[in-house]
Q: 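My structure is below; once you've seen it, I'll send some questions.
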Amino acid sequence: MPWRSDPRPYHVWVSEIMLQQTQVATVLPYYRRWMESFPTVADLAAADESELMRHWEGLGYYRRVRSMHAAAKQIMSEHGGEFPLQYDQVLALPGVGRYTAGAVLSIAAGAKLPVLEGNTQRVYSRWIALRVPPTDRAANKLLWDVAARMLPRSGSGQFNQAAMELGALVCLPKNPKCDQCPVHHHCRAAELGLQAEIPGKIKRIAYEDRTEFALILSREARGATQYLARPLPDGGRWAGLWDFPRCTEAATESVDAAAGWLSQQLGTEVAAGVRLQTLRHAVTKFRISLHVHQAALSNAGVAADRTAPAPWQWVSLDQIRTLPLSVTGRKIAEFLAADDQSFLPLS
DNA sequence: AAGACGGGGAG
DNA sequence: CTCCCAGTCTT
């Protein structure tokens with residue numbers, strides 16, 4: 001892992017934020033690109049948010065990148081641009097919780113601090129044959145305690161990484177490779193033959209099927225086709241990313257309802273047109289069928305000369321493609337780009 | 001204590 | 001399909 005070769009606090013911090021709820025293999029290309037563009041805390045602090053989001057596009061949990069940006073500014077103003085090495089100060093950085101603070105300081109500074117995340121939760125649950133789900137309040141406290149008592153006199157960073165890697169490669173959620181485990185003789189669950197039952201089931205939020213619509217509005221301006229788009233508002237899904245017109249707040253029953261929603265947004269009547277494509281995707285608890293429709297402003301001649309009401313904007317496809325988009329937004333943009341090339345004469 | 005927040009890897 | 005991922009923050 002690239003952050004292991006030069007484990008400066010900044011490197012480890014960036015890697016740990018990227019690794020939150022994200023597998024190592026997914027993170028690797030993102031980490032490399034990030035370090036090429038933002039090699040220091042100062043570079044990160046000075047960067048445009050949109051540029052950061054563009055680097056994060058596809059990784060998910062976009063609040064992580066905005067928190068990191070804020071944290072970098074905090075490091076510049078409160079710590080003279082030097083990543084803090086005091087636990088309380090690290091924990092005070094936005095987006096840094098107990099896990100990340102412990103990981104950064106143990107790995108980058110040799111601090112004797114425990115970590116507890118998906119892997120070590122499972123490893124230590126089996127280690128002590130913990131029967132209750134690790135997310136249970138008392139169980140979670142106990143596991144943190146085990147993680148702390150496990151730590152060697154020195155080399156906590158290496159130990160923590162080894163414990164996580166044991167979970168990722170050997171002590172698997174299903175069919176753990178106990179025969180290959182270097183410590184299975186000390187494992188209480190293995191001794192009792194309870195590897196399959198531990199850790200206990202974690203309650204999951206039920207999936208919800210949902211239909212949504214994206215409405216593609218275009219106009220000709222300055223010899224190029226422009227599309228209506230907007231940055232998504234703070235606090236919700238994909239905050240800070242750009243999107244084609246789409247109601248992300250609630251399910252939409254029909255394309256006409258979607259057009260009605262957009263009409264309200266714009267203060268101009270919108271008519272839905274033909275379906276261009278349908279994308280299936282899952283986001284948090286929703287499994288979404290996203291129908292992408294052509295749409296038009298009912299009084300296109302008037303509206304075409306006006307600027308769209310904020311936050312909506314008319315943007316050329318080339319511009320859109322430089323902006324940070326959700327994965328579905330990116331798919332729609334690529335679809336339109338291909339469509340643009342093959343059917344240019346039609347519109 | 002529970003829910004929101006993304007997207008993909010792996011079986 | 002389902003489960004899970006080097007979690008954090010807000011109700």
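Below, read A as the first sequence line, B as the second, and so on, with proteins coming before strands; counting in each chain starts at 1.
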Q: Taking protein heavy atoms under 4.0 Å as touching, what does nucleotides 1-7 of chain C look like 5' to 3' if B marks base contact, S marks sugar-phosphate-only contact and - marks none?
A: SSSSBBB
Q: When we call it a touch if two heavy atoms are under 4.0 Å apart, what does A:Leu59 touch: a base, just sugar-phosphate, or nothing?
A: base
Q: Is A:Arg188 salt-bridged to A:Glu191, going by a charged N under 4.0 Å from an acidic O?
A: yes
Q: Who pairs with A:Arg330 by side-chain hydrogen bond (donor to acceptor under 3.5 Å, both in side chains), at least two apart in sequence or on another chain?
A: A:Glu57
Q: Please determine if A:Glu16 and A:Arg98 form a salt bridge, counting it only when a charged side-chain N lies under 4.0 Å from a carboxylate O.
A: no
Q: Check this for me: does any side-chain nitrogen of one of A:Asp145 and A:Lys141 sit under 4.0 Å from a carboxylate oxygen of the other?
A: no
Q: Go through the structure and list residues passing side-chain hydrogen bond (donor to acceptor under 3.5 Å, both in side chains) with A:Thr100, not counting sequence neighbours.
A: A:Gln20
Q: Going by the rule side-chain hydrogen bond (donor to acceptor under 3.5 Å, both in side chains), which residues pair with A:Ser316 if we only count those two or more places apart in sequence or in a different chain?
A: A:Gln319
Q: Rounded to whole angstrom, note down the P distance from B:dG3 over to C:dA6.
A: 24 Å
Q: Is a salt bridge present between A:Arg321 and A:Glu334, judged by a nitrogen-to-oxygen distance below 4.0 Å?
A: yes
Q: Using a cut-off of 4.0 Å on non-hydrogen atoms, how would the nucleic acid contact of A:Lys285 be classed: base, sugar-phosphate, or nothing?
A: sugar-phosphate
Q: With nearest nucleotide decided by heavy atoms, which residue, A:Gly236 or A:Thr135, maps closer to the 5′ end of DNA chain B?
A: A:Thr135
Q: Using the closest heavy atom to pick a nucleotide of DNA chain B for each, name whichever of A:Gly235 or A:Ala25 lands nearer the 5' end.
A: A:Gly235
Q: Restricting to side-chain hydrogen bond (donor to acceptor under 3.5 Å, both in side chains), what partner residues turn up for A:Trp3, sequence neighbours left out?
A: none
Q: Report which part of the nucleic acid A:Val96 touches: base, sugar-phosphate, or nothing (heavy-atom distance under 4.0 Å, all strands).
A: sugar-phosphate
Q: Rounding to the closest angstrom, what is the interatomic distance between C:dC4 and B:dC5 at atom C1'?
A: 16 Å
Q: What is the first contacted nucleotide of DNA chain B and what is the last, in 5' to 3' order, if contact means an atom lying under 4.0 angstrom from a heavy atom of chain A?
A: B:dA1 to B:dG9
Q: In whole Å, measure the gap between the P atoms of C:dT8 and B:dG8 for me.
A: 22 Å
Q: How is A:Thr26 classified with respect to the nucleic acid when contacts are heavy atoms under 4.0 Å: base, sugar-phosphate, or nothing?
A: sugar-phosphate
Q: I'd like to know whether the aromatic ring centres of A:His281 and A:Phe286 sit less than 6.0 Å apart in this structure.
A: no
